[in-house]
Amino acid sequence: MAPTIGDRQFTDSSIITNFVINRGNGVKGLSEMGLKAPPKPYIQPLEERLCISKIVPQQSIPIIDMSHWKNPQVASAVCDAAEKWGFFQIVNHDVPVEVLDNVKDATYRFFDLPADQKNKYSKENSASNNVRFGTSFSPEAEKSLEWKDYLSLFFVSEEEASMLWPPVCREQVLDYIRRTEVVIKKLLQMLMEGLNVKEIDDTKRSLLMGSIRTNLNYYPICPDPELTVGVGRHSDVSTLTILLQDEIGGLYVRGNQGDGDNWIHVPPIKGSLVINVGDALQILSNSRYKSVEHRVIANGTKNRISVPIFVNPKPTDIIGPLVEVLQNGEKPIYKQVLYSNYVKHFFRKAHDGKKTVEFAEI
């Protein structure tokens with residue numbers, strides 16, 4: 001039987017912290033109590049809630065067919081989407097649907113584990129910083145919490161994964177990472193050629209895809225989704241993010257039209273992957289390619305999952321505009337920064353739209 005706490009105690013944030021974080025129940029534990037409203041710590045200020053009037057229903061991010069990926073038009077479409085939208089979906093990308101379905105099933109299996117089993121991977125209990133079960137984004141820094149639980153898996157080697165990753169999802173996540181690597185390399189090749197980078201040598205390979213992190217995200221049913229968020233407004237700190245959505249939807253991207261406060265829903269397409277530019281690629285490209293704010297709304301009727309792969313520089317890499325981008329006399333917008341410092345800055349604060357990238361501006 002799931003542990004319970006009385007409704008009236010939900011005004012006490014320390015009790016909620018103990019239940020959700022310390023005891024490993026997560027937001028999933030709150031969701032399963034049949035509450036009439038989200039507890040106060042999860043209620044977002046009005047300006048952070050997604051207003052229906054700001055959603056642009058007729059717009060969609062680009063959808064790119066990768067089946068003839070050597071066709072120059074495909075590369076042109078990828079670069080164009082990275083410049084103008086920062087987000088696009090790819091179909092016919094050669095990652096088998098069963099691999100995608102398997103990792104979705106494995107995500108549900110992990111979050112269906114008893115709280116004490118998941119809690120083995122919490123910040124306090126995990127055998128490694130590379131394996132982390134948590135909730136919200138950065139609870140210590142946030143005024144209002146996000147309605148989300150996650151398992152974060154930083155990939156070092158298959159040997160470490162075999163020892164440390166949860167057995168219920170380990171093989172499926174590793175298979176997902178292996179099968180998407182080919183797609184990631186193709187996309188980065190296209191994007192680099194668009195920047196006049198002729199060869200991806202070892203140094204550039206490290207800058208572009210020196211480290212990989214996968215998250216299993218779980219967004220449980222919310223009693224009043226309009227009051228809270230699944231994930232607040234932010235851009236990723238990655239080079240690229242490869243996102244697998246389930247069929248439920250709820251991801252919104254800031255539009256590139258109008259007054260700048262328009263939001264576009266990214267509809268789930270069976271077998272597709274959502275690709276977005278991260279801050280690291282924006283910096284490396286001297287802002288040719290744009291990382292874009294996005295957010296996730298909570299759902300009132302269904303549990304939702306997503307599985308992003310964050311493709312990043314190595315923590316020890318120095319990132320700044322690539323030499324090839326500046327060789328025509330273009331002035332650098334960004335200074336050289338240690339990537340691990342950039343990431344620490346991101347996690348030190350609550351989600352705040354595109355403000356993280358200011359850390360690297362000259």
Side-chain angles (χ1 to χ4, degrees), residues 60-95 180-212 235-243 253-257 264 266 272-294 308-314 317-334 336-337 339 354 357 360-361:
S60 169
I61 63 170
I63 298 166
I64 301 172
D65 186 337
M66 297 289 285
S67 51
H68 301 291
W69 65 271
K70 289 187 176 177
N71 185 325
Q73 290 180 327
V74 175
S76 176
V78 166
C79 294
D80 191 59
E83 284 186 37
K84 294 179 182 169
W85 292 87
F87 261 85
F88 53 98
Q89 292 205 65
I90 58 172
V91 295
N92 300 321
H93 44 64
D94 281 349
V95 181
T180 52
E181 187 179 0
V182 178
V183 179
I184 292 162
K185 285 178 176 174
K186 286 177 186 174
L187 290 170
L188 288 172
Q189 187 72 48
M190 293 172 188
L191 290 164
M192 287 302 101
E193 284 176 5
L195 297 176
N196 205 32
V197 174
K198 302 301 183 195
E199 185 199 354
I200 299 179
D201 59 16
D202 288 346
T203 302
K204 285 202 172 63
R205 192 172 295 109
S206 178
L207 277 174
L208 295 169
M209 54 182 300
S211 66
I212 300 280
S235 58
D236 294 343
V237 293
S238 56
T239 306
L240 285 181
T241 301
I242 317 309
L243 176 75
V253 174
R254 191 183 280 284
N256 61 359
Q257 313 292 326
I264 299 161
V266 179
S272 75
L273 292 167
V274 180
I275 313 296
N276 67 273
V277 172
D279 291 354
L281 184 54
Q282 176 169 319
I283 292 165
L284 291 166
S285 71
N286 206 37
S287 220
R288 171 92 65 85
Y289 301 137
K290 305 286 196 303
S291 66
V292 173
E293 273 185 66
H294 49 288
I309 294 177
F310 300 101
V311 183
N312 311 305
K314 278 187 181 155
D317 281 334
I318 305 287
I319 60 168
L322 294 167
V323 173
E324 290 88 345
V325 178
L326 302 178
Q327 64 190 13
N328 61 357
E330 191 176 311
K331 291 280 187 285
I333 301 169
Y334 305 103
Q336 304 286 319
V337 296
Y339 185 64
K354 279 276 290 180
V357 80
E361 287 174 356

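Contact of the Ile242 side chain with the Phe310 side chain is not registered, since no non-hydrogen atoms from C-beta on lie closer than 4.5 Å. Asp236 places none of its side-chain heavy atoms less than 4.5 Å from the side chain of Asp279. Looking at Asp94 and Met66, their side chains never come closer than 4.5 Å, going by heavy atoms from C-beta outward. A heavy-atom distance below 4.5 Å is found between the side chains of Leu187 and Leu240. Between Val357 and Gln282, the closest side-chain pair of non-hydrogen atoms falls below 4.5 Å. In this structure the side chain of Tyr339 never reaches within 4.5 angstrom of the side chain of Lys314, judged on heavy atoms. Counting heavy atoms from C-beta outward, Glu193 and Lys198 have side chains that stay 4.5 Å or more apart.
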List the steps and the verdict of side-chain contact (heavy atoms from CB on, under 4.5 Å) for Trp69 and Met190. CA-CA 9 Å; Trp69 65 271; Met190 293 172 188; 4.0 Å; yes
side-chain contact (heavy atoms from CB on, under 4.5 Å) between Thr239 and Val277, intermediate numbers included: CA-CA 6 Å; Thr239 306; Val277 172; over 6 Å; no
Please walk me through it: do Leu208 and Val311 pass side-chain contact (heavy atoms from CB on, under 4.5 Å)? CA-CA 7 Å; Leu208 295 169; Val311 183; over 6 Å; no
Determine whether Ile64 and Val74 satisfy the following criterion, side-chain contact (heavy atoms from CB on, under 4.5 Å), listing intermediate values before the conclusion. CA-CA 7 Å; Ile64 301 172; Val74 175; 4.2 Å; yes
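With values rounded to the nearest 0.5 angstrom, Leu281 atom CG is found 9.5 Å from Ile283 atom CD1. Atoms CD and OG, from Glu361 and Ser287 in turn, are 8.5 Å apart once rounded to the nearest 0.5 Å. Residue Leu322 holds its CG atom at 10.0 Å from CD1 of Ile319, rounded to the nearest 0.5 Å. The line from CE of Met192 to CG of Leu284 is 6.5 Å long, rounded to the nearest 0.5 Å. Rounding to the nearest 0.5 Å places CZ of Arg205 at 6.5 Å from NZ of Lys185. Taken from OG1 in Thr180 to CD1 in Ile309, the straight-line distance is 3.0 Å, to the nearest 0.5 Å.
Judged purely by atom type and a 3.5 angstrom limit, Asp201 uses its side chain to pair as donor or acceptor with the backbone of Thr203. When atom types are taken as modelled, the side chain of Asp65 and the backbone of Asn92 share no donor-acceptor pair closer than 3.5 angstrom. Side chain of Arg288 to backbone of Gly194: a donor-acceptor contact under 3.5 angstrom is found. Using a distance-only test at 3.5 Å, with no hydrogens or angles considered, no donor-acceptor pair links the side chain of Glu293 to the main chain of Ser235. Put simply, the side chain of Tyr289 gets close to the backbone of Leu191: a donor and an acceptor are under 3.5 Å apart.
With sequence neighbours left out, Lys70 forms a side-chain hydrogen bond (donor to acceptor under 3.5 Å, both in side chains) with no residue at all. Annotation: side chain to side chain contact (heavy atoms under 4.5 Å, CB included) contacts of Ser211 (sequence neighbours excluded): Phe154, Asn312, Pro315. Residues meeting the ring-ring contact (aromatic ring centres under 6.0 Å, His included) test with Phe87, sequence neighbours left out: His294.
Summarising the geometry of Arg254 relative to Val292, their closest heavy-atom pair is O-CG1, 3.5 Å, with the distance given to 0.1 Å. Of all the heavy atoms in Ser60 and Trp85, the pair that sits closest is O-CH2, 3.7 Å. Asp317 and Ser206 get closest at one heavy-atom pair: OD2-OG, 2.8 Å. The heavy-atom pair separating Ser285 from Leu195 by the smallest distance is CB-CD1, 3.8 Å. For the pair Ser272 and Val91, the tightest heavy-atom approach, listed with the atom from each and the gap, is CB-CG1, 3.9 Å. Considering all non-hydrogen atoms of both residues, Asn286 and Glu330 come closest at ND2-OE2, 2.9 Å.
Atom CG of Asp80 sits in a crowded spot, with more than 12 heavy atoms from other residues, nucleotides or ligands closer than 6.0 Å. Within a 6.0 Å sphere centred on CD of Gln73, other residues, nucleotides and ligands contribute 12 heavy atoms or fewer.
Contact check on Lys204 versus Glu324 returns a salt bridge, with a Lys/Arg side-chain nitrogen under 4.0 Å from an Asp/Glu carboxylate oxygen.
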